[in-house]
Amino acid sequence: MSMKYRWMTAISIGLLLACTAVSLPVAGSGPSKALSVIVDTTADRSDEAQAIVEYLRDVGVSAEVRVWEWSALKERILAGGRQMYLTDWGSAYFDPFDLAVPKLKTGDRGNYSFYSNPRFDAALDAALGTIDAEARRQAYFEAQEILWADVPWVFGYSLLEIEAAQADVLDWQPSMDSRMNLHDVGLKRGDTIVVGMAADGILTLDPAAYRDRATETVIRNMFDGLVTRTVDGRVVSEIAESWSVVSDTEYVFNIRRGIKFHNGDALTADDVVFSFDRVIRDGAMGGRTSPRKGLLGPLAAVEKVDSHTVKFELSSPFPVLLQALVHVQIVPMNYVLNVGDDGFARKPVGCGPFKFVEGRLDDKVVMERFDGYYGGSSDLKPVGPARVKRAIFRMMPDPTVRVAAMKTGEVHIIQTVPAHLAASLARDRNLQVKSAEGTRVYCIEMNCARAPFDDVRVRMAMNHAVDWDTILKTIYVDGATRLATAFLPSGFGYNAELAPYTYDPSKARALLAEAGYGGR
Amino acid sequence: MRLSRLQVKLIERIAATIPLTLAVALAAFVLMRAIPGDPVDIMMGEGASSSGEEVAALRTQLGLDEPIYRQLSGYLKGLLRGDLGYSIIRSRPVAEMIWEALPATIELAVYAMLFALALGIPVGVVSALKHNTAFDRVSTAVSFVGVSLPAFWLGIVGILVFSMTLGWMPTSGRIPYGLEPRHITGFLTLDALLTGNMPALGSALRHLCLPAVTLGLGVAAVVARVTRSSMLDVLGSDYVLFARAKGVPEPAVTIRHALRNAMIPTVTLVGLQFGSLLGGNMIVETIFGWPGLGRVVVDAIFARDYPVVQASVMVYALTFVMVNLITDLLYTVLDPKIALQ
Amino acid sequence: MGQASLRTDELYQGTLARSANIPVLSPAGRAGRAHGARAGLWPRLMSHRGGRLGLIIVLAYVAVAVAAPVLAPHPPGAVNLAGRLTPPAIGTGNLLGTDQLGRDILSRIMHGARVSMLVGLATVSISAAVGVGLGMVAGYYGGALGRVLARFTELLLAFPYLIFVIGAMSVMGPGFWNLVWALSFKGWVEFYRLSRALVMSEKNREYVEAARVLGRSDSVICVREILPNIVSSILVLGTLRMGNMIVMESSLSFLGLGIPPRMPAWGSMINDGRRYMLTSPWVATFPGLALALLVLGMNLLGEGLRDVLDPKMMEG
């Protein structure tokens with residue numbers, strides 16, 4: 001080979017080697033037992049993860065971040081192969097039933113930290129085995145104290161759900177359960193309200209065929225349930241006029257008269273029975289089982305008592321039944337049987353304030369006011385038909401673009417404003433920014449089944465090492481609430497007395513040393 | 001009666017797409033099964049716990065507990081019947097989802113390509129005619145920078161400048177509700193033209209502007225480079241010199257003789273780049289909330305919705321192959337020497 | 001079929017070469033070059049205006065990358081949450097401002113030069129090694145291997161790349177080298193097509209015939225006779241592809257699959273900054289400019305090399 005190629009090749013190879021040598025982190029060669037961890041995260045929390053890693057390094061832990069695609073990470077977590085991971089879990093029932101139980105009960109499906117404590121499990125069982133509120137509260141308090149002492153996670157925070165709207169949107173209030181109640185909202189000008197959804201798309205228009213929140217947010221404007229919630233999470237009547245608790249496994253609901261579906265059918269006990277049967281009976285949806293079945297726990301059967309009364313039978317006490325019922329929407333029996341499940345998903349008919357016009361699930365869903373609406377919950381003012389004539393939900397997955405569309409006036413309401421953009425929106429006089437307490441717990445889970453995190457001292461050290469207050473104040477611009485354990489302030493049985501772990505790097509170092517891990 | 005060379009070639013090429021498409025389908029199947037993650041688990045999401053039995057039952061219903069070879073043979077049999085399967089997460093036919101999304105994606109890619117050609121060819125030609133002048137150097141520098149800007153950054157800057165500051169273009173979506181033209185082809189601008197619906201046409205074009213420019217800018221840069229260098233080639237060739245010597249006026253030399261020949265590589269490039277436009281649209285579609293195939297497929301891959309990913313990959317591959325076939329035909333038209341060979 | 005696809009291949013190759021401005025030498029140009037005497041490449045490159053500028057830019061980047069620990073005013077990973085998103089200003093210690101974690105953007109760009117250039121260099125090197133190796137074998141022997149590879153490359157081109165990379169990254173997990181492999185997986189196709197076409201036209205040339213007559217083995221002919229004659233084209237393609245790979249890395253960051261975050265890389269910096277474009281545009285803009293300037297330099301250098309190596313296409 002002639003000279004000139006030699007030097008080119010030499011330069012290339014030299015460059016390659018030089019870059020390799022200088023840019024890759026050199027493996028730690030400190031004292032024999034320095035703690036070394038990899039902190040896994042998904043892209044949306046990568047900023048926070050990098051800050052956390054710096055805090056861990058401050059206390060002598062050699063830490064690195066890895067950014068993963070969630071499903072790929074989860075499979076590795078479940079295989080027990082990861083150490084520390086930033087995760088989050090949403091709760092819809094305002095009760096630890098769908099938060100602490102799936103996340104921390106021994107062997108439950110969301111228990112990524114492999115935490116197992118029979119006393120904790122017993123406390124949860126006690127809280128869910130009765131409908132006596134005081135006994136439940138006691139049990140949950142005990143569970144929180146156990147968690148606080150055991151520290152299976154680096155306990156984190158919950159984020160405020162920040163939403164924004166144009167100034168001429170009236171009586172708008174974000175709600176804790178991601179409901180976008182367009183029935184109560186008015187417009188100063190115009191009659192079409194456009195909502196920018198923080199989702200790539202929704203999954204379906206059939207209330208029995210999904211389990212994600214975005215779909216529910218859209219669907220609940222077309223369908224009503226037996227009960228609903230106020231923006232702060234109190235359960236109030238909707239289709240049901242009243243209910244009575246016969247025993248801890250039997251409830252009776254009286255259905256409001258005069259409710260009509262969008263196609264004119266009158267709503268009766270048959271529709272209620274059919275709607276629940278479709279969710280809880282195996283294969284009830286054209287051979288498939290509804291993915292929502294698990295949400296109704298021990299609900300065994302719903303029976304018709306008379307044309308406007310139904311009876312719920314449970315196989316065991318289910319103290320969160322009312323919260324669960326908020327999420328089951330009533331569908332018209334005859335219509336669904338006529339058009340079939342596919343046909344129903346294509347052209348849904350409910351009894352909610354808006355009726356379906358047209359839609360593409362990953363683009364926009366258009367609804368029009370249902371003039372025959374019975375008025376909705378008498379506890380949520382105003383009662384009557386919806387105030388706006390038309391509602392459009394647009395899918396806008398990129399947060400920056402959602403905010404831009406808000407500023408240009410293309411949309412009236414947007415979901416999930418990133419905390420750092422909230423201030424700039426709030427300064428705009430044409431806009432209003434409001435927030436609701438979040439119902440999602442963000443934390444760092446540790447693999448408690450394996451060293452080093454099988455040692456409670458190491459886990460405690462991690463809790464003292466991270467300065468959450470600074471992280472929440474800066475990265476999340478104060479838009480977050482610090483949590484002492486895995487229980488949410490909005491949930492039933494929250495113990496406000498329990499204080500979160502303090503940021504104390506020297507204590508963290510001492511705990512690590514006690515556990516046999518020297519600093520670097 | 002013998003078929004012409006062109007016809008034979010055409011038939012060969014079309015026939016060759018079948019094994020290729022099947023291979024792509026197979027590759028997509030293998031890739032999806034290799035990826036960790038479980039669609040049922042993703043579908044069950046969070047919230048209240050579900051029993052193991054419930055998850056297992058769902059998996060059985062979806063046929064996900066069958067051995068891989070059975071799933072594969074079922075999938076291939078379905079393909080041969082023209083059945084693309086059923087979306088796991090959205091429980092609706094995959095073919096329906098793709099038909100719904102494909103026109104948006106193709107329309108965007110076509111406009112991005114039109115923009116790239118409209119900008120790239122003139123710039124390339126002028127650079128070649130005035131080569132080594134300031135115009136040439138500036139356009140060269142700009143086109144290099146154009147290639148090196150990531151689309152997601154360009155897109156946001158575009159929204160910042162043209163939507164938020166100047167208010168010329170909407171930030172996202174294809175067309176506002178109520179303005180849609182009657183559905184004929186699914187291509188909004190075409191439908192608007194066919195039905196003579198001018199407001200819809202204007203609105204659709206305004207919505208297309210930013211995403212098409214974002215997507216097409218990189219291609220415009222490449223087109224400009226290719227046109228420039230092939231123009232330079234052609235301008236130095238014997239027959240252009242001959243034409244000049246014969247006294248053919250300069251504009252005629254440029255357009256009739258040089259440009260036509262210089263277009264050959266550009267046309268081929270269009271085929272290659274169209275493929276990359278289709279494949280690269282996922283990011284632009286996400287930013288601009290464009291309801292196309294790119295978003296369907298990214299969504300599906302993260303949700304492990306196997307049938308949707310497999311089918312979309314096949315559609316991408318088929319489109320790519322078809323565009324290249326058309327390009328080759330165009331090439332033959334532009335360069336008669338090849339057809340006569 | 002064979003002939004049809006051969007023509008498509010040639011077409012691709014020609015277009016590819018033009019799109020990258022690769023010297024696909026005319027026989028006349030080649031005859032002059034094959035083993036011929038040439039004036040030193042260095043002086044000629046230095047007298048080529050664009051090439052010189054490109055070289056200066058690229059060398060400046062290399063210098064910054066090498067000297068980053070000395071030049072950078074701050075450690076690239078020094079998080080300072082209290083001083084996050086400080087705008088660029090002279091005299092504050094953060095000339096280009098700070099990012100969302102309060103890290104100095106200038107320092108991160110300097111250190112990022114190492115990582116990003118390494119991504120480019122590593123992916124291009126791997127792609128070139130694989131592509132040229134296979135391309136030479138396929139070009140020299142043709143036959144079954146050539147046909148199999150032809151089908152395989154068609155499959156790769158037809159398969160949407162981003163989907164492949166997302167899949168591959170999910171299978172392998174995040175990590176610097178995993179990213180390099182995923183990016184190289186398709187990158188070699190261009191090198192393969194180019195080198196195959198070049199070898200196919202070189203192998204019938206007189207000097208190769210002469211070597212055959214002298215009884216040299218095929219491998220010797222390929223490596224010692226043909227390779228030196230095609231290496232310049234490959235080098236040019238490599239220069240031009242490096243920028244693309246760096247941009248590609250940033251696109252993967254957009255999908256959350258980029259380089260591990262403690263390593264500062266321009267792609268992930270641009271993507272991190274994207275979320276702050278409305279309030280703090282400098283976070284994404286400066287790394288973007290750094291990337292654009294490097295790509296400009298690389299391309300100028302590549303063009304310069306092309307002109308210098310191919311006298312026929314020399315301009316001016």
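Every chain is numbered from 1 and lettered A, B, ... according to where its sequence line falls, protein lines coming before strand lines.
- Taking the six-membered ring for Trp and the full ring otherwise, the centers of A:Phe97 and A:Phe318 sit less than 6.0 Å from each other.
- Only the side chain of A:Arg390 comes within contact range of chain B, with at least one heavy atom under 4.5 Å from a heavy atom of that chain.
- Proximity to chain B (any heavy atom under 4.5 Å) is restricted, for A:Thr400, to the side chain, taken from C-beta onward.
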Starting from the C-alpha separation in whole Å, work towards a yes-or-no answer on salt bridge (charged side-chain N to carboxylate O under 4.0 Å, His left out) for A:Asp125 and A:Lys105. CA-CA 10 Å; A:Asp125 285 342; A:Lys105 208 172 161 189; 2.8 Å; yes
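- Note on A:Asp341 versus A:Arg278: salt bridge recorded, some NZ/NE/NH1/NH2 to OD/OE distance being below 4.0 Å.
- Aromatic pair B:Tyr75/B:Phe29: centroids less than 6.0 angstrom apart.
- Only the side chain of A:Lys74 comes within less than 4.5 Å of a heavy atom of chain B; its backbone N, CA, C and O stay farther away.
- Ion pairing of B:Glu100 with B:Arg92 is present here, as a side-chain N (NZ or NE/NH1/NH2) and a carboxylate O approach within less than 4.0 Å.
- Of the charged side-chain nitrogens involved, at least one lies within less than 4.0 Å of a carboxylate oxygen, so that B:Arg295 and A:Asp200 count as a salt-bridged pair.
- Of the two parts of B:Ala303, neither the backbone nor the side chain holds a non-hydrogen atom closer than 4.5 Å to a non-hydrogen atom of chain A.
- Residues A:Thr204 and A:Asp206 bring no donor and acceptor atom of their side chains to less than 3.5 Å of each other.
- In summary, the side chains of A:Glu216 and A:Ser178 do not present any donor paired with an acceptor at a separation below 3.5 Å, with no hydrogens or angles considered.
- For A:Val194, no part lies near chain B; criterion is any non-hydrogen pair under 4.5 Å.
- Of all the listed residues (B:Pro291, B:Ala104, B:Gly37), the one sharing the greatest number of non-hydrogen pairs under 4.5 Å with chain A is B:Pro291.
- Residue A:Leu73: no heavy atom, backbone or side chain, is found under 4.5 Å from chain B.
- Proximity to chain A among residues 168-177 of chain B is limited to B:Pro170, B:Thr171, B:Ser172, B:Gly173, B:Ile175, B:Pro176, B:Tyr177, judged by heavy-atom separations below 4.5 angstrom.
- No part of B:Glu285 comes within reach of chain A, as not one of its non-hydrogen atoms sits under 4.5 angstrom from that chain.
- Between A:Tyr93 and A:His327, the ring center distance clears the sub-6.0 Å criterion.
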